Amino acid sequence: MIIHSLADIAAVFLALWLLLYFLDANQANVFVDFVHGVADWLAGWSQDIFTMEPEGVRVFFNYALPAVIYLAIGHGAAAWVRRL
């Protein structure tokens, strides 16, 4: 259950950053800055995998890809641990 929850939390932070980015949230806000920092840390390994234009498409893929991977690996690992 812990593995499953951690994967969900990681994906939520990445999705929340995408939502805040596309809704043009105030980057100077403390909450927005915190979410952006966490999302950058979680997606640090995948930054600049996609370099296409416009910027919105690039941001979407660079943060959505890790969210999907965290969910897939986290849920798969949790299912595997449950079977043990």
Side-chain angles (χ1 to χ4, degrees):
M1 187 68 167
I2 292 172
I3 297 169
H4 188 273
S5 297
L6 289 174
D8 288 346
I9 290 168
V12 164
F13 268 105
L14 292 164
L16 183 57
W17 167 243
L18 285 172
L19 179 69
L20 291 170
Y21 177 83
F22 285 112
L23 291 177
D24 201 27
N26 179 7
Q27 301 288 322
N29 181 281
V30 174
F31 175 72
V32 175
D33 186 49
F34 172 73
V35 171
H36 187 204
V38 172
D40 273 348
W41 184 77
L42 289 168
W45 59 269
S46 71
Q47 291 303 302
D48 297 329
I49 287 178
F50 300 100
T51 57
M52 73 278 278
E53 292 296 327
E55 182 182 355
V57 174
R58 183 175 62 241
V59 169
F60 176 78
F61 282 113
N62 282 325
Y63 287 94
L65 175 67
V68 170
I69 289 173
Y70 286 137
L71 285 174
I73 291 174
H75 288 218
W80 179 73
V81 167
R82 268 189 297 250
R83 277 182 267 194
L84 294 178

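All values reported here derive from a predicted model rather than from experimental measurement.
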- Task: Please tell me if the side chains of Ile3 and Trp80 come closer than 4.5 Å, counting only heavy atoms from C-beta onward.
- Result: no

- Query: Tyr70 and Phe60: same hydrophobic cluster, using ILVMFWY side-chain contacts below 4.5 Å?
  - Reply: yes

- Message: For a quick test of reading the model, state the closest non-hydrogen atom pair linking Val35 to Leu16 and the distance between them.
- Response: CG2-CD2, 3.8 Å

- Item | His75 versus Asp8, closest heavy-atom pair with distance | NE2-OD1, 2.7 Å

- Query: Is it the case that one hydrophobic cluster holds both Leu20 and Val30, taking links as side-chain heavy atoms less than 4.5 Å apart, direct or via other members?
  - Reply: no

- Message: Hydrophobic clusters here meaning ILVMFWY residues chained together by side-chain heavy-atom distances under 4.5 Å, can you tell me if Val81 and Met1 are in one?
- Response: no

- Query: Looking at CG of Leu14 and CD1 of Ile9, how far apart are the two atoms once the value is rounded to the nearest 0.5 Å?
  - Reply: 12.0 Å

- Task: Give the minimum heavy-atom separation between Gly74 and Ala7, together with the two atoms involved.
- Result: CA-CB, 3.6 Å

- Message: Using a 3.5 Å distance criterion without hydrogens, assess whether the side chain of Arg58 forms a donor-acceptor pair with backbone atoms of Met52.
- Response: yes

- Flag yes if Leu6 and Val68 sit in one hydrophobic cluster, no otherwise; membership is Ile, Leu, Val, Met, Phe, Trp, Tyr, and two members link when side-chain heavy atoms are under 4.5 Å apart. no

- Query: Counting heavy atoms not belonging to Asn26, are there more than 12 under 6.0 Å from its CG?
  - Reply: yes

- For the hydrophobic clusters of this structure (ILVMFWY residues joined by side-chain heavy atoms under 4.5 Å, transitively), does one cluster hold both Leu65 and Val12? no

- Query: What do you reckon, is CZ of Phe22 surrounded by more than 12 foreign heavy atoms closer than 6.0 Å?
  - Reply: yes

- Note on the structure: In Trp17, Phe13, Tyr63, the residue satisfying side-chain contact (heavy atoms from CB on, under 4.5 Å) with Leu42 is Phe13

- Query: Would you find more than 12 non-hydrogen atoms of other residues, nucleotides or ligands less than 6.0 Å from Ile2 atom CD1?
  - Reply: no

